[in-house]
Amino acid sequence: MDRFQYLLVLGASVVGTLPLEILFDARVWRRPRRLAMALGPALAVFGVWDLWASARGTWGFSDRYTLGVELPGGMVVEEIGFFVVVPVCALLTFEAVRNLRTGRVRWPVALDPAGRASRDDRPGRGG
């Protein structure tokens with residue numbers, strides 16, 4: 001089971017932030033071109049940097065915690081997943097928070113941090 005730890009952490013990150021797409025209308029997955037434009041530069045820069053550092057021996061990846069499939073230069077495939085998953089999770093979180101702050105969406109009643117209905121749902125606040 002240790003060999004899947006890196007993938008399990010990445011999967012948990014996606015599962016943990018995926019509801020933001022629906023609950024807070026993050027629209028990250030529904031705009032693939034914008035998502036690619038956000039991921040492309042980071043993937044390129046950090047991918048090259050990681051390959052360079054791995055090839056030099058600055059850091060490495062344990063076969064115990066990864067699948068052991070390496071790219072030329074010593075970088076494991078899970079690392080590519082990291083460079084995609086973490087920015088996507090950050091974008092989902094950013095868009096959800098922005099939508100809440102700008103009022104584009106409201107907290108779903110079941111998730112209201114104060115445990116009460118949204119302001120517009122209270123008696124006397126029709127609209």
Answer yes if V15 and L10 sit in the same cluster of Ile, Leu, Val, Met, Phe, Trp and Tyr residues linked by side chain heavy atoms under 4.5 Å apart, and no otherwise.
-> no
Could you grab the distance from atom CH2 of W49 to atom CZ of F83, nearest 0.5 Å is fine?
-> 8.5 Å
Using the ring of each side chain (for Trp, its six-membered ring), is Y6 parallel, tilted or perpendicular to F82, with breaks at 30° and 60°?
-> perpendicular
Could you pull out all residues at least two apart from E78 that satisfy side chain to side chain donor-acceptor pair (under 3.5 Å)?
-> none
First locate atom CG of L43, then atom CD1 of I80, and finally report the distance between them rounded to the nearest 0.5 Å.
-> 5.5 Å
same_hphob_cluster(V97, L18) at 4.5 Å side-chain heavy-atom cutoff | no
Joint hydrophobic cluster, L91 plus V105, side-chain heavy atoms closer than 4.5 Å | yes
Step by step, would you call F4 with T66 a side-chain contact (heavy atoms from CB on, under 4.5 Å)?
-> CA-CA 6 Å; F4 296 102; T66 63; over 6 Å; no
Enter the distance from D50:CG to M75:CE here, rounded to the nearest 0.5 Å.
-> 5.0 Å
Mind checking the OG1-CZ spacing from T93 to F24? Nearest 0.5 Å is all I need.
-> 10.5 Å
Minimum heavy-atom separation for F61 to E79, with atom names?
-> CE2-OE1, 3.5 Å
Main-chain N/O of S54 paired with T58 side-chain donor or acceptor, under 3.5 Å = no
Ignoring hydrogens and angles, tell me if any N or O in the side chain of R104 forms a donor-acceptor pair with the backbone of A96 under 3.5 Å.
-> no
Nearest heavy-atom approach of A38 to P41 is O-CD, 3.9 Å
Scanning both residues in full, the closest heavy-atom pair of R3 with D63 reads NE-O, 3.9 Å
For atom CZ of R30, is the number of surrounding heavy atoms from other residues, nucleotides or ligands below 6.0 Å larger than 12?
-> yes
Atom CZ of R27 and atom CG of L92: how far apart are they, to the nearest 0.5 Å?
-> 12.5 Å
Honestly curious: do L8 and V69 fall in one hydrophobic cluster under the side-chain, below-4.5 Å linking rule?
-> yes
For V84 and L39, the nearest pair of non-hydrogen atoms, with its separation, is O-CD2, 3.9 Å
Measure the OG1-CG distance between T102 and L100 for me, rounded to the nearest 0.5 Å.
-> 8.0 Å
Under a 4.5 Å cut-off applied to non-hydrogen side-chain atoms, are E95 and R31 in contact?
-> yes
Under 4.5 Å between side-chain heavy atoms, hopping through other hydrophobics if needed: is there a path connecting I22 to W29?
-> no
Check step by step if side-chain contact (heavy atoms from CB on, under 4.5 Å) holds for L35 and V88.
-> CA-CA 8 Å; L35 177 60; V88 167; 3.9 Å; yes
Tightest non-hydrogen contact, residues V28 and E21, listed as N-OE1, 2.9 Å
